[in-house]
2 protein chains.
Amino acid sequence: MPLQYKIKIPKSTIDRMPLYHRCLSIMEENGITETSSQVLGLRVGVDPSVIRKDLAWFGELGKRGVGYNVPYLRQAIAEALGLNKDWPIILVGAGKLGSALADHNQKYVKHFQLVGIFDRDPAKHGRQVGGLTVRPMEDLPGVVKEHNVKMAMIAVPAKEAQAVAHVLVKAGIKGILSFAPISLSVPEDVLVYNSDYHLDLQRMAYFIDNRFDGGVG
Amino acid sequence: MPLQYKIKIPKSTIDRMPLYHRCLSIMEENGITETSSQVLGLRVGVDPSVIRKDLAWFGELGKRGVGYNVPYLRQAIAEALGLNKDWPIILVGAGKLGSALADHNQKYVKHFQLVGIFDRDPAKHGRQVGGLTVRPMEDLPGVVKEHNVKMAMIAVPAKEAQAVAHVLVKAGIKGILSFAPISLSVPEDVLVYNSDYHLDLQRMAYFIDNRFDGGVG
DNA sequence: AGTTGTGAAGGCCTTCACAGCG
DNA sequence: CGCTGTGAAGGCCTTCACAACT
């Protein structure tokens, strides 16, 4: 639909775009209307020329000699990332982490709306978590179909995660954000992102022991 | 102390090493004693030649024509990453997310031992979270000094995170794992990693809308 | 025969420098 | 004059192909 003809945008660019978007949202809330690649770069910790190259993939979004209009740029990025529609998501696992995620999601996360929470454990069924009722796994495919859900979060113990992933794939989920500390195996057309702070602790440990530089945006 | 003379190892290699370590730990628990770059690659979703190149930075850890000895390799990686010592860590923020982290950390995370939990809110002081007592922020510098803490986790609202980061830096912390959805500004010699699943949701959203390929290990 | 370790080739991304515009 | 947008240069990492070794 956009003007661009499906040119392949670098993965690293896509990795940074949400950072820009978040920063611009904050600026917008604070009433800042104009910015530059330099200011933005300082705030997100990215080199200005990288930012300009990144944004260039999506068109000429700034004005030479002037800079970028904050609301316009934020909107353009939201468009590029597909954030202007609402994404229904589901969560599997209503334990401590799952509950914290659900609560947090309801409060702070826009455009990714939880439409279902599921757990294998019958004792948890019927509980209210993050404004939703925990339901049995059997209900999952129906909810996915009904809301046309494409993304799911997994917050179950490591040993159950792969089985849950299978259920999700079978239900038609195309993106999985896993909080379980294992590598999931899924078909090629399904995306898996892992959120595992333990791995980050280990990486930090290395860089602290071997101080060159480092850090992550 | 190791043989190597502080050669700069690619950041991407270090990013993957904890993945290998985790996979090898699981294999070791399951009594698997031998493996190969191919098998390991399948399990962690990384190309075998990448794995061999990565491991080569740390010496000749395998046997040609045979493969790798699982416990030996795991141990070598642990050594390389600095995981053979215990890393005392602290946590700031005893809300829902902080509590979930503390509980999880106590149960599952080895070698990163929580030695202090802090919160600004007096109402939370004295509470038991993850086997520790929540303490006021004033106690933080003392605990850092006493245990020689180098790493900290931040699980406070976005608006408080930068202030907390300042306190941590002042106390001598060298690595911060932040769960707050902002970019922290810290001195050059302090590492910041962000764990923000919201950004991952946005990245996934893009790749689902524009399916080329993608995914993250 | 089979798998590692590694130099060379290739590709992707960042850095640089400046042309292009406001 | 200032900042963006962008081609060219450079660097880092991955991919490839194979020699080295068990």
Side-chain angles (χ1 to χ4, degrees), chain A residues 3-4 7-17 19-20 24 27 32-70 72-74 76-77 80 203 207 212-217, chain B residues 3-4 7-17 19-20 24 27 32-70 72-74 76-77 80 203 207 212-217:
Chain A
L3 295 168
Q4 76 196 98
I7 286 161
K8 213 232 173 191
I9 294 169
K11 186 183 176 318
S12 38
T13 292
I14 301 302
D15 282 348
R16 283 184 296 262
M17 296 297 286
L19 239 49
Y20 308 152
L24 290 163
M27 290 167 120
I32 301 171
T33 57
E34 301 293 333
T35 190
S36 66
S37 61
Q38 192 168 26
V39 170
L40 198 53
L42 270 175
R43 292 180 75 136
V44 297
V46 173
D47 188 88
S49 64
V50 170
I51 294 183
R52 294 203 298 278
K53 262 264 187 332
D54 284 343
L55 297 179
W57 288 102
F58 301 97
E60 307 211 354
L61 304 175
K63 280 197 182 64
R64 299 181 193 219
V66 180
Y68 300 93
N69 177 273
V70 172
Y72 176 76
L73 182 58
R74 191 205 58 72
I77 294 177
R203 291 167 188 142
F207 286 117
F212 303 105
D213 72 322
V216 157
Chain B
L3 295 167
Q4 76 196 95
I7 286 162
K8 213 235 174 190
I9 294 169
K11 186 183 177 317
S12 37
T13 292
I14 301 303
D15 281 349
R16 284 183 296 262
M17 296 298 283
L19 238 49
Y20 307 153
L24 291 162
M27 290 168 117
I32 301 171
T33 57
E34 301 293 332
T35 191
S36 66
S37 61
Q38 191 168 27
V39 170
L40 199 53
L42 269 176
R43 293 181 73 136
V44 297
V46 173
D47 188 270
S49 64
V50 169
I51 295 183
R52 294 202 299 277
K53 261 268 191 322
D54 284 342
L55 297 179
W57 288 102
F58 302 97
E60 307 210 355
L61 304 175
K63 279 197 181 65
R64 301 185 191 214
V66 180
Y68 300 93
N69 177 273
V70 172
Y72 175 77
L73 183 57
R74 192 205 58 73
I77 293 178
R203 290 166 188 144
F207 285 117
F212 303 107
D213 72 324
V216 156

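Letters A, B, ... mirror the listed sequences (proteins, then strands); counts begin at 1.
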query: Taking CZ from B/Phe58 and P from C/dT4, how many angstroms apart are they, rounded to a whole number?
result: 17 Å

task: Starting at atom CG of B/Leu73, determine the distance to atom P of C/dT3, rounded to an integer number of angstrom.
output: 16 Å

query: How is A/Thr13 classified with respect to the nucleic acid when contacts are heavy atoms under 4.0 Å: base, sugar-phosphate, or nothing?
result: nothing

query: Which residues satisfy the salt bridge (charged side-chain N to carboxylate O under 4.0 Å, His left out) test with B/Arg16, sequence neighbours excluded?
result: B/Asp54

message: So, OP1 or OP2 of C/dG22: does either fall under 4.0 Å of a side-chain N or O from A/Tyr68?
response: no

task: For B/Ser49, enumerate each residue passing the side-chain hydrogen bond (donor to acceptor under 3.5 Å, both in side chains) test, keeping only those at least two apart in sequence or located in another chain.
output: B/Asp47

message: Can you work out whether B/Asp47 or A/Gln38 has the more 5'-proximal nearest nucleotide on DNA chain D?
response: A/Gln38

message: Going by salt bridge (charged side-chain N to carboxylate O under 4.0 Å, His left out), name the residues that satisfy it together with B/Arg74, two or more places apart in sequence or in a different chain.
response: B/Glu28

- prompt: Nearest-Å distance, CD1 (A/Ile51) to C1' (C/dT15)?
  reply: 14 Å

- prompt: Measuring from A/Gln38:CD to A/Ile51:CD1, what's the distance to the nearest 0.5 Å?
  reply: 10.0 Å

Using a 3.5 Å cut-off and no angle test, enumerate the donor-acceptor pairs between side-chain atoms of residues 59-69 of chain B and protein atoms at least two apart in sequence or in another chain.
| unit_1 | atom_1 | unit_2 | atom_2 | d |
| --- | --- | --- | --- | --- |
| B/Asn69 | OD1 | B/Tyr72 | N | 2.9 |
| B/Asn69 | ND2 | B/Glu34 | OE2 | 3.3 |

field: Residue mapping more 5' on DNA chain C - nearest nucleotide basis, A/Val50 or A/Lys63
entry: A/Val50

With sequence neighbours excluded, residues passing salt bridge (charged side-chain N to carboxylate O under 4.0 Å, His left out) with B/Arg52: none

Could you go through nucleotides 6-12 of chain D and list every protein N or O atom that sits under 3.5 Å from one of its N or O atoms, giving the distance for each pair?
| unit_1 | atom_1 | unit_2 | atom_2 | d |
| --- | --- | --- | --- | --- |
| D/dG7 | O6 | A/Lys53 | NZ | 2.7 |

query: To the nearest angstrom, how far is A/Tyr20 atom OH from D/dT4 atom P?
result: 13 Å

message: Rounded to whole Å, how long is the line connecting atom CG of B/Leu61 with atom P of C/dG5?
response: 7 Å

